[in-house]
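The next block holds one structure in the form of structure tokens; read it before the comments.
Residue numbers begin at 1 in each chain, while the letters A, B, ... track the order of the sequences.
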2 protein chains.
Amino acid sequence: MDAETPVRRRRTRIQTEKRELILDAALDVFSQHGFRGATIDQIAEAAGMSKPNLLYYFRSKEAMFTTLIERLLQTWLAPLRELDDIGDPIGELRSYIRRKLEMARDYPRESRLFANEILQGAPRIQHLIEGELKPLVDEKAALIKGWMKAGKIARTDPWHLIFSIWATTQHYADFDIQVRTVLGPDRGGDGRFEDAARYLEQLFLEGLRPKG
Amino acid sequence: MDAETPVRRRRTRIQTEKRELILDAALDVFSQHGFRGATIDQIAEAAGMSKPNLLYYFRSKEAMFTTLIERLLQTWLAPLRELDDIGDPIGELRSYIRRKLEMARDYPRESRLFANEILQGAPRIQHLIEGELKPLVDEKAALIKGWMKAGKIARTDPWHLIFSIWATTQHYADFDIQVRTVLGPDRGGDGRFEDAARYLEQLFLEGLRPKG
DNA sequence: CGCATTTTTGACCGATTGGACAAACGTTAG
DNA sequence: CTAACGTTTGTCCAATCGGTCAAAAATGCG
């Protein structure tokens, strides 16, 4: 039944707490070194416990990873789920971009872990991309297409529009080192996310052609 | 003197050929599994030779990787180097975006290898980012800033503009699996790069706000 | 308290890893 | 032919890996 915990029936308070502790440490290590680059010993040390103790709460390294990434995907897709037909389309897209950028700022580990998995060809989550992500994107693409037909936003490809929002926002988490290095000590500080937010808003709404 | 080959003075024709063969195989394996995920045995098999034979041409796994990524960075930055003040600014940016997208299409292995390294915090190429990439970006950012002052393109942040071009184009190499899965069998075929090119041109030039 | 259950750990194991090394093989110039 | 040099490989090694296991420690419970 339960493939992750050694306990069949019910989950102890300690088990719940320790599992969360381990998952947090595992997120640290996995996001920094990838699945193969991470070792159970590293995760154990980050969690402040012994290796066999980790394997008491998770049956394998793989189990930690899948538990982590399945949970992660949900929070990662939440902003897209909230995209709906209530407000005005431009405002909806603007706040979606803003929320995705905030997630890149506040949850860079999650973004990197996801990026790492996709980079390697998504060997462990391909079924989730097909079964969850694709249907959601198709649904939202249809919504966006409706906005285009109604003349609310410019006509273009909704799928690639979503890709470009993902790419530009997650770039600030996944390529953080490069961004900060290129921006330098002064411009690469905490303010870089506000700069990015301002820039992206202009890019997506106005483009680069001069107004004159 | 030469830290990579076993031969001090000169490089044989066989050495030159075999080193290229190995580097190509190494690019395959490294780009798919990352540095730690790749094994010398995998590279050896991909190159059709034995493991000790590999280590005759490259003193270590690390030597293969650094040789590969240092060379790669040059070709990867070439399109940005070509950005200059000759043509009109809009056309320059448009062709830069097109060339970067073509590179994502034609050299996905290089893109993924680079992305993988940056994701892990660029432990092996940080000096290149500081010493080569940053100065180049600063130089081109100044060029773009001149275009803005001259009213040739809209005023915005040149650094983040460059980031967004990198992010959107490389996304089609690095997140290829996700892109193809989400687009589905029909739209995710070979035509996806033309669709992306059309979309990105509109995004960067016009943005999403309707013209009416 | 005493007993059962849960939690923790030291010791250990087989497999895989990057790499060393010497011997064998191939090639070429004298 | 043969000596010298470049190339290739079988074998081996220490380190590290994910994971097991039995026993000890802690905890909960009557």
- Message: Using a heavy-atom cut-off of 4.0 Å across all strands, would you classify B:K18 as base, sugar-phosphate, or nothing?
- Response: sugar-phosphate
- How close or far is atom P of D:dG19 from atom CG of A:D41, stated in whole angstroms? 12 Å
- Query: With respect to the side chain of A:R36, which nucleotide from C:dT17, D:dG18, D:dT7 is positioned closest?
  - Reply: C:dT17
- Message: Does D:dT8 have its OP1 or OP2 closer than 4.0 Å to a side-chain nitrogen or oxygen of B:Y57?
- Response: yes
- Message: For A:F58, does the six-membered ring have the charged nitrogen or CZ of A:R19 within the cation-pi criterion, i.e. under 6.0 angstrom from the centroid and within 45° of the normal?
- Response: yes
- Message: Whether A:D195 and A:R198 form a salt bridge (side-chain N of Lys/Arg under 4.0 Å from carboxylate O of Asp/Glu) is what I want to check.
- Response: yes
- Query: What's the CG-P distance between A:L55 and C:dC12, to the nearest Å?
  - Reply: 19 Å
- Taking N and O atoms by type only, does the side chain of B:K61 place a donor or acceptor under 3.5 Å from a partner on the base of C:dG19? no
- Give the rounded distance in Å between these two atoms: CG of A:L54 and P of D:dC17. 14 Å
- Under 4.0 angstrom, heavy atoms only, what part of the nucleic acid is B:A44 near: base, sugar-phosphate, or nothing? nothing
- Which of these nucleotides, D:dC17, D:dT11, C:dT8, is closest to any side-chain atom of A:N53? C:dT8
- Residues B:R187, A:D157: salt bridge by 4.0 Å N-O rule: yes
- Message: Counting only heavy atoms not in A:K134 (residues, nucleotides, ligands), do more than 12 fall under 6.0 Å from its NZ?
- Response: yes
- Query: Going by an N to O cut-off under 4.0 Å, is there a salt bridge joining B:R109 and B:D24?
  - Reply: yes
- Item | Length of the line joining A:Y56:OH and C:dT9:P, which is rounded to integer Å | 13 Å
- Message: C:dT6, OP1 or OP2 - any side-chain N/O from A:Q15 closer than 4.0 Å?
- Response: no
- B:I40 atom CD1 is separated from C:dG18 atom C1', nearest whole Å, by 5 Å
- Task: Check the distance between D:dT9's P and B:M49's CE and give it to me in whole angstrom.
- Result: 7 Å
- Of the candidate nucleotides D:dG19, C:dG18, C:dA20, which contains the atom at the shortest distance from the side chain of B:P52? C:dA20
- Protein-nucleotide distance (A:M64, atom CE; D:dG19, atom P), rounded to Å: 8 Å
- Between C:dG18 atom P and B:F65 atom CZ, what is the distance in whole Å? 14 Å
